[in-house]
Each structure stands twice: as C-alpha cells, then as structure tokens.
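To start, the structure itself, in structure tokens.
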Amino acid sequence: EEERDLYQSLYSDSRRQFNDYVAEGVVLNNYANIFTLITRMRQMADHPDLVLKRLKNGANSTKMLVNGGTIVCQLCDDEAEEPIESKCHHRFCRLCISEYVEGFDGDQSKLECPICHIALSIDLEGPAIEVDRALAEKGSIVNRIRMGGEWRSSTKIEALMEELYKLRSDRQTIKSIVFSQFTSMLDLVEWRLKRAGFETVKLQGSMSPSQRDSTINYFMNTPSCEVFLVSLKAGGVALNLVEASQVFILDQWWNPATLSQASDRVHRFGQKRPIRIVHLCIEDSIESRIIELQEKKSAMIDATINHDDQALNRLSSTDMQFLFNN
C-alpha cells in the first residue's frame, strides 16, 4: 500500500507535467523530459529507492557517482551501459540514446541533445567509454542506501524471491536468468538474493570482454550458481545460456523485440529443458500500459507488408498520450 501511494503521487505529478506539454503544443519538443518521466515511473514500479534516493540526493548524487567511477546515463539516470559521449560532452547508455534518436521518426533536422538542446552529434556505433569496475562498485546503489534493518525490499523483488524459492529442489539445481533494464535494480536484487543464500553472478554492459566471458563461464559451469542477473542493455545479443531454463523479466519496454531477444538467450541449440518465461508486472501502473502498447505495436507491424522494426522503438506523441492516460 505504501508503494502504491508513492507511485500514485509520482504518476499524478508526471501526468500533470505531460498535460502541460500537451496544452502548450510542445510534446515532441520535450521528448527527453517525457522519456525521463516514463523512466521514473518504471523505476518506481521496481523499487521506490531507485527514484527516491536520487531525488533526495539531487544533483550532488550524480556528481558523486561520476567521481566515484560510475558513468551515469543522462537519459535514464542509471549507471550507463556501454556509455558513449556526444560531441557536446554528454554521456548516455548506447541503447538509451539510440532509442532517443529513433524517437524523432527520421526527422533528423529536429534532433537535439536531450541535455543542452544544441544539434546532437554522436557516433552510435563508436567504442564505449572504458569504466573502472572497482571504482564503479563503490558507486552502486547498495553502497548509497543504508542497508541495515530499516532497508525495505519491494513488492516486485519479493515476488521474484517467491518464484525462485519455488524452484529450489534437493534433487537438482534449476538455473534462472533475471533481466532488468536498470543496473541499480539488479544491484538491489543481487543484495537481496545473496542475503537469502542464493549464489549469483551479474552481467553488465560496462564489463570488459574478458569479464563477460568469465562471468558467463562461471554461471554455465558452476552447479551451485542458481541465478544470472543480466542487464537488458548488455544481454540482448551473442549469449548462449542453455544451462538456464527459467527467465524472469523485471521491467517492461514498449518494444517487445527487446524482451524477446533477451528470452532467446535460453532458446538455443542444446537446450534440453522446458523453458518458462515470467514477466513481473505491477498492476495498474505504467507497466501494464506499456504491455498494452507492446500489443498495439506488434499488431500494427504484423498488419504491414514491409515490417518496420524501427517503428517498434519509436515513441510517438500518440503513444505518449496512451501511456499517460488511464
């Protein structure tokens, strides 16, 4: 009930701001701001701390994170996955800024940096900025939150815990993959799982190729390692995780192809177990609206002769209004 009250307060503020943009006829001019409003609501549905700790710390939090070794995406305000930098020196997750660019529906003349609003110039295929993982760990949300007795889990994390407990057996180890688009959410899940006695590993976009390989090999070859925590931004391609048979997707995205690519990591040659894919969704939230939007977009694409995959990623003004209206 407390989480619902917090969510409803955030939703009311976000909807009011969105309606102001509609009334002024400046929805598309504020695409980055609206993207941020939607992201905050999605994070609130995962765990209130993903939003409240940032709001409490304000600008100093971002400065601390950057100085602490973590690069923060200036669109999703989470640890940047495969961070890339624009010519105006703003840094983003590769996926976040790519989807932001696609949101302009091909009208590149209006493409602005979402931070300083000058013409955006960024190499979406360029090399990622290197991150010092040891320093980045110090900047994780787990170290920014007082994780003592007063720390509270969330409805979604406890729903995941219940599902994972059901899979435990004296006869065999059933391995699971847990996907989230937010690195901070994975940090909280990891902390909660370890406290409950689960052995886990985590894959993030900021890892080096050798770190990725070592992490994957450990999960695949260590029977006691039950749970693989994977960032959606890092786990979409080139992974074969057939040791796992259970997939849990913690947050929803309006492009269903992104989630399908993640689930496909266990649908590989050599898979001998029945596959189960679970989407955890908070009822009557932005997530349930996103699922409806997924279905609308899929139906729209299926009805066309020439499939336009980029249209799945675009968030039109009509899509935005759908997300902000009950």
Side-chain angles (χ1 to χ4, degrees), residues 1-11 14 36-56 76-79 81 140-142 144-147 150-168 174-198 200-204 226-235 244 246-256 258-259 262-263 276-294 323:
E1 189 172 326
E2 181 182 343
E3 287 178 50
R4 183 173 293 279
D5 288 344
L6 288 168
Y7 177 84
Q8 287 298 331
S9 175
L10 178 65
Y11 172 74
S14 301
T36 298
L37 295 177
I38 294 170
T39 298
R40 294 291 170 275
M41 289 189 285
R42 293 175 64 224
Q43 291 171 327
M44 184 68 84
D46 275 349
H47 194 297
D49 282 344
L50 300 186
V51 177
L52 299 182
K53 291 299 176 182
R54 286 195 173 89
L55 294 178
K56 183 177 179 181
C76 72
D77 199 29
D78 196 22
E79 179 182 344
E81 299 279 339
S140 76
I141 191 170
V142 174
R144 302 200 309 275
I145 295 173
R146 295 179 62 188
M147 302 296 274
E150 66 183 63
W151 182 80
R152 295 178 65 176
S153 187
S154 70
T155 300
K156 187 173 285 189
I157 291 177
E158 291 310 305
L160 172 67
M161 294 297 301
E162 184 176 337
E163 291 292 326
L164 292 173
Y165 274 127
K166 289 177 185 176
L167 296 174
R168 282 191 155 176
I174 300 176
K175 290 178 176 274
S176 303
I177 308 175
V178 177
F179 285 102
S180 175
Q181 194 165 16
F182 304 116
T183 302
S184 295
M185 180 61 171
L186 292 178
D187 289 344
L188 292 177
V189 170
E190 178 183 41
W191 188 87
R192 177 70 178 91
L193 287 173
K194 286 183 175 178
R195 195 166 92 166
F198 286 85
T200 70
V201 287
K202 184 169 59 178
L203 180 68
Q204 298 173 206
E226 299 171 71
V227 184
F228 198 5
L229 304 169
V230 183
S231 164
L232 267 175
K233 298 171 186 174
Q246 311 290 308
V247 176
F248 296 95
I249 296 177
L250 294 183
D251 27 66
Q252 303 304 312
W253 194 237
W254 46 81
N255 181 356
T258 300
L259 303 181
S263 302
R276 179 169 170 260
I277 298 170
V278 178
H279 292 254
L280 289 122
C281 173
I282 298 296
E283 191 175 14
D284 298 326
S285 73
I286 187 75
E287 293 189 321
S288 52
R289 301 295 285 174
I290 286 174
I291 288 174
E292 289 184 62
L293 185 58
Q294 285 177 13
L323 292 177

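We number each residue from 1, following the sequence as shown. Note: hydrogens, waters and symmetry copies are ignored here, and every other heavy atom, side chains too, is used.
Between Arg40 and Leu50, every side-chain heavy-atom pair lies at or beyond the 4.5 Å cut-off. A 4.5 Å side-chain heavy-atom check between Asp49 and Arg152 finds every atom pair outside the cut-off. When side chains are defined from C-beta on, Leu250 counts as touching Met185, because their heavy atoms get closer than 4.5 Å. For the pair Lys202 and Thr183, the minimum side-chain heavy-atom distance is 4.5 Å or more. Counting heavy atoms from C-beta outward, Ser180 and Val189 have side chains that stay 4.5 Å or more apart. Contact of the Asp251 side chain with the Ile290 side chain is not registered, since no non-hydrogen atoms from C-beta on lie closer than 4.5 Å. Here the side chains of Val278 and Gln246 are not in contact, with every heavy-atom distance at 4.5 Å or above. Side-chain atoms of Phe248 and Leu164, non-hydrogen and from C-beta on, do get closer than 4.5 Å to each other.
Atom CD in Gln252 sits 8.5 Å away from atom CZ in Arg42 (nearest 0.5 Å). The distance from atom SG of Cys76 to atom CZ of Phe182, rounded to the nearest 0.5 Å, is 6.5 Å. The line from OG1 of Thr155 to CG of Leu160 is 12.5 Å long, rounded to the nearest 0.5 Å. Between the CD1 atom in Ile249 and the CD1 atom in Ile277 there is a gap of 6.5 Å [rounded to 0.5 Å]. Atoms CE and NZ, on Met44 and Lys156 in that order, are 12.5 Å from each other to the nearest 0.5 Å. Distance check, rounded to the nearest 0.5 Å: CD of Gln294 to CD of Glu287 gives 10.5 Å.
Judged purely by distance below 3.5 Å, without hydrogens or angles, the side chains of Glu3 and Ser154 never pair a donor atom with an acceptor atom.
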Candidate pair Leu229 and Leu193, rule side chain to side chain contact (heavy atoms under 4.5 Å, CB included), full reasoning: CA-CA 10 Å; Leu229 304 169; Leu193 287 173; 4.1 Å; yes
Side chain to side chain contact (heavy atoms under 4.5 Å, CB included) assessment of Glu162 paired with Tyr165: CA-CA 5 Å; Glu162 184 176 337; Tyr165 274 127; 5.7 Å; no
Side chain to side chain contact (heavy atoms under 4.5 Å, CB included) evaluation trace for Asp284 with Arg4: CA-CA 10 Å; Asp284 298 326; Arg4 183 173 293 279; 4.2 Å; yes
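Taking all atoms of both residues into account, the shortest heavy-atom contact from Met41 to Tyr7 is O-CE1, 3.6 Å. Scanning both residues, Ile282 and Ala45, for their nearest heavy atoms gives CG1-O, 3.4 Å. Of all heavy-atom pairs between Ala159 and Leu280, the closest is CB-CD2, 3.7 Å.
Under the 4.0 Å criterion applied to side-chain N and carboxylate O atoms, Glu292 and Arg289 are assigned as salt-bridge partners.
Other residues, nucleotides and ligands place more than 12 heavy atoms under 6.0 Å from the CZ atom of Arg168.
Between the Ser9 side chain and the Leu6 main chain, no donor and acceptor come within less than 3.5 Å of each other.
The aromatic rings of Trp151 and His47 lie parallel to each other, with less than 30° between the two planes, well short of the 60° mark.
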